[in-house]
Amino acid sequence: MQNFIKENNNIPQIADVDVLVCGAGPAGIGASIMAARLGVSVMLVEAQGCLGGIATAGMMSHWGGRSSSKIMPEIWDLAYEKAKDIGWAQENGCGKDAIYHDIQKIVLEEMIEKEKIRVLYYTLVCKAVVEDGTIVGAIVENKSGRGFIKAKRVIDSTGDGDVAASAGVPYFKGRETDNRMQPCTIMFNIGGVDFERAVFPPSFETTVQTEKGELQALAKKLLPFPAGHVLLYKQPMPGTVCCNMTNAIEIDGTNSESLTKGVFTCRSQIVPIIKFLREYVPGYENCWLMSSASLIGVRETRHFEGMESLSKDDILTAKYYDNWVVRRGWFNFDVHNLTGASLDKTGIQHGWKQNNEYTIPYGCLLPKNIEGLLLSGRNISGSHLAHSNFRIMSVCIAIGEAAGVAAAISVKQNTKLSLVDVKEMQKHFGE
C-alpha cells in the first residue's frame, strides 16, 4: 500500500489541562469526576454523542457485579429519582442497578457539568504524544479538524487502550494461548412483553422448559449461528425487556473493518431473534423492536503490561493487596463462547463458588515503559480470565475512580504517577 504524506503537519493546540480522560464509559466517568472533585482541571473526550459508553450508547441492561465505587451508587440514585416521574415502573421489580438508558445519559451530563469538566463529543483520540518517555497529551480529531490537547496526566479509558497502544505500551490480545477474543454483541430493547407470563433467563445456564421445548436448546437450534442463547432482562419501563442475544465471533475490536463486520452480523440477527421470541417464549407473543444500541459491545481486545498484573488466582483466592486501589470487587468468569453461542468452556457462572471480594493493586493501572499515563477500565493489566471478571461495569467505574485520584494527586504534588503514595489515595475511595 502506498503511503500518503501530508505536506503540512502543523496541528493546533486546542486545550491545556491538568488531566485528559480519553473515553467516557463507566471508567472514564469515574476518572473524570474523581479527578475534578480533587480540584484539578479535567477534559473528557468521547467518540460517541453521549456519556456512559456501554451503559448508555451500548444499551447494557444493568450494572452487574459489585465494587467499592463511590460514584456508581450516586448514578443509580440520581437516575432512579429522575426516572420515577417519567416512566420507571416500580411494579416491574427492577432494582436501581437496572439502566433507563436515556435518563442515565441526562444524569451523567448533569454530574459532569456540576464538576465543571470540559467535554468534547464526537472526538476520536488519534495519537499519543510522547516526549522523552513521558506522555504530554494526545492528538484528537473531530468536525473541527485535528487538534493537540496538552495534559499533565492522561487517563486511557477507551476500553481498547487506544492511547496506551499509540504510546507504545506492550500488550497482547485476547486469550494468551491463541489471541482469540470474546464475541461482540449489539444489545436491543423490545416492548409489548406480558410481564405476568414472561420469563427472564439471566444466564447462559438458566434453562426454561416450555410446551415447545427448552429455550436454550431451541435457540441454539433455530437462531442463526453464531447467535443461539437466550438472555432477557426486565427494564424499568412497563412491558420492556433488554435482549443480550446477538453474537459475533472472531471480531477484532481494534480493527475497523472487523468491527464493521461485527455490527452487520449482530444487526442481521435482531429480526430472527424477535421472531423466535414471539414463537417460542411465553409472554413475548406480541413483542416488538423498540431500539438497538448505536455502540456495539466489545468485550475484549488488548491486555496491557503493567507494573503489576491481576491473575485468575488473585480473584479465585480473593487476594488482598496492601497497595489496593479497588476493593470489594466481585463477579464471575463471564467468558462468552469464543467459537459460538452461550458460555465458553472456560467460563464459570452457576458454578461460581467464590463469593469473597478481591482487590486490584495500583500497579495494574501503571503501564510499562511510559510515564504520565494511567490505564483505566477493562484495559488494565490482567490475564484473559481475570479480565472476564474485572471488565464488568461496576468494577470498571471503581478502577476509573482510582485513576482519577492518582492523576489528581500526582498533578497537585508534581510527582510521578509511579511515586504517588497509595495510602493517601486510599483515603478517597469507597468503603
Begin with the C-alpha distance, continue with both residues' side-chain angles, and end with the deciding distance and a verdict on salt bridge (charged side-chain N to carboxylate O under 4.0 Å, His left out) for Asp313 and Lys319.
-> CA-CA 8 Å; Asp313 289 334; Lys319 184 170 181 178; over 6 Å; no
Could you go step by step and tell me if Glu357 and Arg327 meet the salt bridge (charged side-chain N to carboxylate O under 4.0 Å, His left out) rule?
-> CA-CA 7 Å; Glu357 297 166 334; Arg327 285 189 296 176; over 6 Å; no
Step by step, would you call Thr359 with Arg328 a side chain to side chain donor-acceptor pair (under 3.5 Å)?
-> CA-CA 6 Å; Thr359 60; Arg328 293 171 49 201; over 6 Å; no
Between Glu81 and Lys84, is a salt bridge (charged side-chain N to carboxylate O under 4.0 Å, His left out) present by the stated rule, with each step listed?
-> CA-CA 5 Å; Glu81 290 304 316; Lys84 278 198 303 186; 3.3 Å; yes
Steps toward salt bridge (charged side-chain N to carboxylate O under 4.0 Å, His left out) verdict (Glu279, Lys212) = CA-CA 9 Å; Glu279 177 68 23; Lys212 296 184 178 181; 2.8 Å; yes
Please step through side chain to side chain donor-acceptor pair (under 3.5 Å) for the pair Glu401 and Ser69, ending with a clear verdict.
-> CA-CA 7 Å; Glu401 291 167 34; Ser69 169; 2.5 Å; yes
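In this structure, a donor-acceptor pair under 3.5 Å is present between the side chains of Gln104 and Trp63. Of the N and O atoms on the side chains of Ser41 and Asp18, at least one donor lies less than 3.5 Å from an acceptor on the other residue. A donor and an acceptor atom, one from each side chain of Glu46 and Thr123, are nowhere located under 3.5 Å apart.
Counting heavy atoms from C-beta on, the side chains of Tyr362 and Leu417 come closer than 4.5 Å.
Under the 4.0 Å criterion applied to side-chain N and carboxylate O atoms, Glu74 and Lys96 are not assigned as salt-bridge partners. Between Glu250 and Arg180 a salt bridge is recorded (basic side-chain N to carboxylate O distance below 4.0 Å). Ion pairing between Arg278 and Glu285 fails under the 4.0 Å rule for side-chain N and carboxylate O. Salt-bridge formation is not detected for the pair Lys427/Glu424: no Lys NZ or Arg NE/NH1/NH2 atom is positioned less than 4.0 Å from an Asp or Glu carboxylate oxygen. A salt bridge links Glu110 to Lys82: one of the charged nitrogens lies within less than 4.0 Å of a carboxylate oxygen.
At least one donor-acceptor pair under 3.5 Å links the side chain of Gln426 to the backbone N or O of Trp324. Judged purely by atom type and a 3.5 angstrom limit, Asp160 has no side-chain atom pairing as donor or acceptor with the backbone of Asp162. The closest donor-acceptor contact from the side chain of Ser166 to the backbone of Lys127 lies at 3.5 Å or more, if one exists at all. A distance-only check finds no donor-acceptor pair linking the side chain of Gln48 to the backbone of Gly53 [under 3.5 Å]. Side chain of Gln235 to backbone of Tyr100: no donor-acceptor contact under 3.5 angstrom is found. Using a distance-only test at 3.5 Å, with no hydrogens or angles considered, a donor-acceptor pair links the side chain of Asp314 to the main chain of Ser311. At distances below 3.5 Å, not a single donor-acceptor pair connects side-chain atoms of Ser67 with backbone N or O atoms of Ala398. Between the Ser258 side chain and the Asp252 main chain, a donor and an acceptor come within less than 3.5 Å of each other. The backbone N or O of Pro361 sits nowhere less than 3.5 Å from a side-chain atom of Glu308 that would complete a donor-acceptor pair. The closest donor-acceptor contact from the side chain of Thr265 to the backbone of Lys261 lies under 3.5 Å.
With Leu44 as reference, Leu51 is the one residue of Leu51, Ile33, Ile155, Leu120 to meet the side chain to side chain contact (heavy atoms under 4.5 Å, CB included) rule. For the side chain to side chain contact (heavy atoms under 4.5 Å, CB included) with Leu232, the qualifying choice from Val208, Thr206, Val241 is Val241, the only one to do so.
Interatomic distance, CZ of Phe331 versus CZ of Arg391, reported as 6.5 Å (0.5 Å rounding). How far CE of Met187 is from OG of Ser291: 11.0 Å, rounded to the nearest 0.5 Å. Atoms CG and OG, on Asp344 and Ser388 in that order, are 9.5 Å from each other to the nearest 0.5 Å.
Annotation for Gly159 and Thr301: closest pair O-OG1, 4.3 Å, computed over non-hydrogen atoms. The heavy-atom pair separating Ile186 from Ser292 by the smallest distance is CG2-CB, 4.3 Å.
Taking the six-membered ring where the residue is Trp, the centroids of Phe204 and His229 are separated by under 6.0 Å. Two rings, from Tyr358 and Trp330, have their centers 6.0 Å or more apart.
Between His303 and Phe172, the two ring planes are tilted [angle within 30° to 60°].
Cation-pi check for Lys234 over Phe195 is met; the charged atom lies under 6.0 angstrom from the ring centroid and within 45 degrees of its normal.
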